[in-house]
Amino acid sequence: MLAAAVAREAGELVVAGRRRGAPASSTKSTGTDMVTEFDTASEALIVERVGAARPHDAIAGEEGTRRPGSSGISWLVDPIDGTTNYLYGLAGYCVSIAAADRHGTLAGAVYLPVTGELFAAYRGGGATLDGIPIRCSDQTELGRALIGTGFAYEPGARARQGRRVAGVLPQVRDIRRLGAAAADLCLVACGRLDGYYEQYLNPWDLAAGELIAAEAGARLGTFPGARGEPAGVVASAPAIHDALVAALVGAT
Ligand code: IPD
Ligand code: CA
């Protein structure tokens, strides 16, 4: 799969760069939304490889790539999801690459270079971790569920997200904030999380991971935002999905 091969190559570039020391960085949307030299280098490598193999496809990437195409296939690229982890030398960052047609995501790959784990899925073809089929958890009780989430970079949004997570926390086993949305969705796919929710995400954060989670049997959905917030995504073991959405709605 092209997405998997390119995600692995970009991930190896990124992790090798981090081993040489702290990367050069600057800020984007807020003073804490970072971009490093390896976000840019990873996106350039991915665009080069995908563009060479699929010259008529469109490509959009988090760091600014907007290449039009004529084939009907579009690629969505997050060159480092979890840039804050990357900057601090924490493990949970990844490279996320998806290809979509007009029906939705066709194929996706998420590579975590520190652990060397490659998650991948084709639409209708199941999901794999390092080539081995994976399934989501069979959790049936929200009160026993380990739930991942994440927070946006804008302080007002973070304050609202903090209030929501405070309402959810007493209703679940525990909360994890691991720092990369694409990886969180893959952790739902392989059962290391029972569920995950988040708001304020971009298409390149979600496309590959959502397909991988869905193909692993997780239920994907949304929950409505309160008072002008955007809707959020929810991915979970099917049996706890409705209870998790209800908890999210009731938590603000
Ligand atoms: C971020 C991560 C994080 C999520 C943020 C995203 P980035 O992506 O996925 O887990 O909570 O909302 O923006 O900025 O590291 O690519
Ligand atoms: Ca990113």
Side-chain angles (χ1 to χ4, degrees), residues 3 6-7 10-11 13-15 17-18 23-47 59-66 75-98 108-114 119 147-162 164-165 168 175-189 192-193 195-210 212-213 222-223 225 229-235 248:
V6 177
L13 171 89
V14 156
V15 75
R18 189 68 190 75
S25 63
S26 55
T27 59
K28 297 196 290 184
S29 63
T30 72
T32 57
D33 181 7
M34 309 304 289
V35 56
T36 74
E37 57 184 313
F38 287 100
D39 293 78
T40 314
S42 174
E43 184 156 315
L45 175 81
I46 295 164
V47 171
I59 312 176
E62 176 167 12
E63 307 314 335
T65 300
R66 298 291 180 273
W75 293 75
L76 283 167
V77 173
D78 193 337
I80 301 178
D81 186 35
T83 298
T84 305
N85 283 344
Y86 184 70
L87 197 59
Y88 279 77
L90 297 171
Y93 59 88
C94 59
V95 176
S96 174
I97 304 179
V110 175
Y111 181 60
L112 288 88
V114 174
F119 292 86
I147 303 296
T149 190
F151 307 113
Y153 290 110
E154 196 273 312
R158 294 170 72 80
R160 291 188 291 277
Q161 289 176 305
R164 190 183 300 274
V165 77
V168 172
I175 291 286
R176 292 290 180 270
R177 196 294 190 240
L178 298 169
D184 290 336
L185 286 159
C186 292
L187 298 181
V188 172
R192 293 184 207 157
L193 291 173
Y196 162 76
Y197 75 91
E198 191 164 346
Q199 294 162 283
Y200 302 95
L201 292 170
N202 290 299
W204 41 77
D205 297 314
L206 292 170
E210 284 191 327
I212 292 164
T222 60
F223 66 96
E229 289 178 312
V233 301
V234 187
L248 288 164

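Counting starts at 1 for both ligands and their atoms, following the listed order.
With hydrogens and angles left out, the side-chain atoms of T65 and E43 include a donor and acceptor closer than 3.5 Å. In this model, a donor atom of one side chain and an acceptor atom of the other lie less than 3.5 Å apart for E198 and Y196. Side-chain N/O atoms of S96 and D81 include no donor and acceptor closer than 3.5 Å.
By the criterion of a heavy-atom distance under 4.0 Å, both the backbone and the side chain of A181 are placed next to ligand 1. No part of Y200 comes within 4.0 Å of ligand 1, judged by heavy-atom distances.
Below 4.0 Å from some heavy atom of E62 lie the following atoms of ligand 1, by number and element: 14 (O), 16 (O). Heavy-atom proximity to G150, at under 4.0 Å, picks out these atoms of ligand 1: 11 (O).
Look at E62 and the Ca ion (ligand 2): an N/O/S atom of the residue is under 3.0 Å from the metal.
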Test side-chain hydrogen bond (donor to acceptor under 3.5 Å, both in side chains) applied to R160 and Y200, step by step
CA-CA 12 Å; R160 291 188 291 277; Y200 302 95; 3.0 Å; yes
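Of all protein heavy atoms, the one lying nearest to atom 9 (O) of ligand 1 is D81 OD1, 2.7 Å.
The option from E198, R177, E63 that lies nearest to atom 12 (O) of ligand 1, judged by heavy atoms, is E198.
The angle I80:O - the Ca ion (ligand 2) - D78:OD1 amounts to 80°, with values rounded to 10 degrees.
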